Amino acid sequence: MKRWAPRGYAAGPYGQIHYRHAGQGMPIVLLHQAPMTSAQYDRVLEPLARRGFHAIAIDMPGFGMSDPVAGTPRVEDWAACVLPVLDALDHGAATILGHHTGALVATEVALQFPDRVRALVLNGPMPLTEEERAEFLANGYPRERTITAQVDGGQFAAVHAARTRLAAGTMEPERVSEYVVMAFEGQGAYWHGHHAAFQYRQEETLASIACPALILTNTGDIIHDHALKAHKLRPDFAWVALDGGGVDIVDQQPEAWAQAVADFMQSL
């Protein structure tokens, strides 16, 4: 069943920032993976609201219905989308949660605006080795550059096949189709998300995080090993590993996911 949430726009440094939100109480900002949109969190807005939080999911610049950064964006650029939304909703400090690429952006928000970040939830952090970064730039990046408008619409089929493979039969076909729509909805290029992610050096910036933080992962995530590495770098961060799932954990285990987030926020 489709879940609807109130939506709004805030004026940001690159144009309009689109967001959807639900609930009242302690604010938590949700930053999506790439290439997706705030609709990634459709199934957890209500569970978070039910637990007493104001859940605010943002389309990062260039994704969904938010205006893009001029030129090739960086993680550091996307971090600037959070404060205008908090201001529009009359919030001061908030917990910032990011999933995959969003976790890198959340890290950067905490570094750039520490007085506005109460805590962090890093759902799938990605500290990298130089070899991993070089491998993506040599292979993954050129491949993603080919995912652009095709005469036969083959770009949609390619992404649908990839998302079907990642879902591994755990998600209904309608939701997988929504993932494909999210991937192409924004004004930014498809390759922008992972290009920015692999340029970012979270293996270095994690050391500068001063606020309370939770590393949230799931054992079936394709970057679960990177979460383990992040925890070795910051053993003082809280740690939760949900069993199983994949890159679609917020859809696969919405109640368990929301409870893990709530438990951390209520412990602050």
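The chain is numbered in sequence order, starting from 1. All values derive from a computational prediction rather than experimental measurement.
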| message | Tell me whether the count of non-hydrogen atoms from other residues, nucleotides or ligands lying under 6.0 Å of CG in Asp243 goes above 12. | response | no
| said: Can you tell me if Glu130 has over 12 outside heavy atoms packed within less than 6.0 Å of its CD? | reply: yes
| Heavy atoms, side chains only, cut-off 4.5 Å: are Thr107 and Tyr200 in contact? | yes
| query | Can you tell me how far the CD1 atom of Ile58 sits from the OG atom of Ser38, to the nearest 0.5 Å? | reply | 9.0 Å
| Residue pair Pro127 / Ala230: nearest heavy atoms and the distance that separates them | CG-N, 3.8 Å
| remark: To the nearest 0.5 Å, atom CZ of Arg7 lies from atom CZ of Arg20 at 4.0 Å
| request: Measure from the side-chain N and O atoms of Asn123 to the backbone N and O of Leu216, and report whether any donor-acceptor pair falls under 3.5 Å. | output: yes
| request: Not counting sequence neighbours, which residues clear salt bridge (Lys or Arg N to Asp or Glu O under 4.0 Å) with Arg145? List them please. | output: none
| query | Do Leu31 and Met60 have side chains that get closer than 4.5 Å, going by heavy atoms? | reply | yes
| message | Enumerate the side-chain hydrogen bond (donor to acceptor under 3.5 Å, both in side chains) contacts for residues 64-73, please, sequence neighbours excluded, ordered by first and then second residue. | response | Asp67-Gln187
| Of all pairs that satisfy ring pair (Phe, Tyr, Trp, His ring centres under 6.0 Å), the ones with a partner from residues 24-60, not counting sequence neighbours | His21-His54, His32-Phe63, His54-His91
| Contacts of Thr101 that satisfy side chain to side chain donor-acceptor pair (under 3.5 Å) - sequence neighbours left out | none
| task | Taking Asn218 for its side chain and Gly244 for its backbone only, find out whether a donor-acceptor pair lies under 3.5 Å. | result | yes
| request: Please name all residues satisfying salt bridge (Lys or Arg N to Asp or Glu O under 4.0 Å) with Arg118, sequence neighbours left out, ordered by chain then number. | output: none
| query | Rounded to the nearest 0.5 Å, how far does CG of Leu233 lie from CD of Glu204? | reply | 10.5 Å
| field | Minimum heavy-atom distance Gln253-Gly245, with the two atoms named | value | NE2-N, 3.9 Å
| query | Met182: which other cluster members, linking ILVMFWY side chains closer than 4.5 Å, directly or transitively? | reply | Met36, Met171, Val176, Tyr179
| query | Same hydrophobic cluster for Leu166 and Phe156, using side-chain heavy-atom links shorter than 4.5 Å among ILVMFWY? | reply | no
| request: Just grab all the ring pair (Phe, Tyr, Trp, His ring centres under 6.0 Å) pairs involving residues 131-154, residues at least two apart or on different chains. | output: Phe136-Phe198, Tyr141-Trp191, Tyr141-His195
| query | Going by atom types alone, do Asp248 and Gln252 pair a side-chain donor with an acceptor below 3.5 Å? | reply | no
| task | Apply side-chain contact (heavy atoms from CB on, under 4.5 Å) to Arg163 and Val247, showing your working. | result | CA-CA 9 Å; Arg163 290 311 314 245; Val247 299; 3.7 Å; yes
| request: Decide whether Val159 and Ile222 are clustered together by the hydrophobic rule: side chain heavy atoms of Ile, Leu, Val, Met, Phe, Trp, Tyr closer than 4.5 Å, transitively. | output: no
| query | What pairs of residues pass the salt bridge (charged side-chain N to carboxylate O under 4.0 Å, His left out) test when at least one of them lies in residues 254-266, not counting sequence neighbours? | reply | Arg50-Glu255, Arg51-Glu255
| query | Of the non-hydrogen atoms in Gly12 and Ile17, which two are nearest, and what is the gap between them? | reply | CA-CD1, 3.6 Å
| Pair Arg133 + Glu203, salt bridge at N-O below 4.0 Å | yes
| task | Please answer whether the main-chain N or O of Ile209 pairs with a side-chain N or O of Arg234 as donor and acceptor at a distance below 3.5 Å. | result | yes
| field | In one Ile/Leu/Val/Met/Phe/Trp/Tyr side-chain cluster, 4.5 Å: Val109, Ile215 | value | yes
Show me the donor-acceptor pairs within less than 3.5 Å that the side chains of residues 147-154 make with the rest of the protein, sequence neighbours left out.
| from | atom 1 | to | atom 2 | distance (Å) |
| --- | --- | --- | --- | --- |
| Gln150 | NE2 | Thr146 | O | 3.3 |
| Gln150 | NE2 | Thr148 | O | 3.3 |
| Asp152 | OD1 | Gly154 | N | 2.9 |

| message | A side-chain contact here means heavy atoms from C-beta on lying under 4.5 Å apart; do Pro35 and His192 qualify? | response | no
| note | Here the gap from Gln40 atom CD to His100 atom NE2, rounded to the nearest 0.5 Å, amounts to 8.5 Å
| field | Nearest atoms (heavy-atom pairs only) where Leu122 meets Ala103 | value | CD2-O, 3.4 Å
| Where do Ile56 and Pro27 come nearest, in terms of heavy atoms and distance? | CD1-CB, 4.2 Å
| remark: Excluding Tyr9, membership of its hydrophobic cluster (Ile, Leu, Val, Met, Phe, Trp, Tyr; side-chain heavy atoms within less than 4.5 Å) reads Met65
Run the side-chain donor-acceptor check on residues 76-90: report pairs under 3.5 Å with partners two or more places apart or on a different chain.
| from | atom 1 | to | atom 2 | distance (Å) |
| --- | --- | --- | --- | --- |
| Asp77 | OD2 | Arg74 | N | 2.9 |
| Trp78 | NE1 | Pro61 | O | 3.1 |
| Asp87 | OD1 | Arg116 | NH1 | 3.3 |
| Asp87 | OD1 | Arg116 | NH2 | 2.8 |

| task | Let me see the working for Leu45 and Leu30 under side-chain contact (heavy atoms from CB on, under 4.5 Å), right down to the final yes or no. | result | CA-CA 9 Å; Leu45 290 179; Leu30 309 173; 3.8 Å; yes
| task | Could you walk me through whether Val240 and Thr217 pass the side-chain contact (heavy atoms from CB on, under 4.5 Å) test, one step at a time? | result | CA-CA 6 Å; Val240 173; Thr217 184; over 6 Å; no
| Do Glu132 side-chain atoms and Thr129 backbone N/O form a donor-acceptor pair below 3.5 Å? | yes
| Closest non-hydrogen atom pair, Leu268 against Ala119 | CD1-CB, 3.6 Å
| said: Under the ring pair (Phe, Tyr, Trp, His ring centres under 6.0 Å) definition, can you give me all pairs with a residue in residues 237-260, not counting sequence neighbours? | reply: His231-Trp239
| query | In terms of side-chain geometry, is the basic nitrogen of Arg175 or Asp42 positioned less than 4.0 Å from the acidic oxygen of its partner? | reply | yes
| query | Between the side chains of Glu144 and Tyr190, does any donor sit under 3.5 Å from an acceptor? | reply | no
| field | From CD1 (Ile96) to SG (Cys211), nearest 0.5 Å | value | 9.0 Å
| message | Test side-chain contact (heavy atoms from CB on, under 4.5 Å) on Val261 and Ile28; report intermediate values, then the result. | response | CA-CA 10 Å; Val261 174; Ile28 177 168; 3.5 Å; yes
| request: Report whether Leu214 and Ile223 are members of the same hydrophobic cluster (ILVMFWY, side-chain heavy atoms less than 4.5 Å apart, transitive linking). | output: no
| field | Separation between CD of Gln199 and CG of Leu104, rounded to the nearest 0.5 Å | value | 12.0 Å
| query | Quick one: do the His226 and Gln202 side chains pair a donor with an acceptor below 3.5 Å? | reply | no
| query | Are Val105 and Val44 co-members of a hydrophobic cluster defined by side-chain heavy atoms under 4.5 Å apart? | reply | no
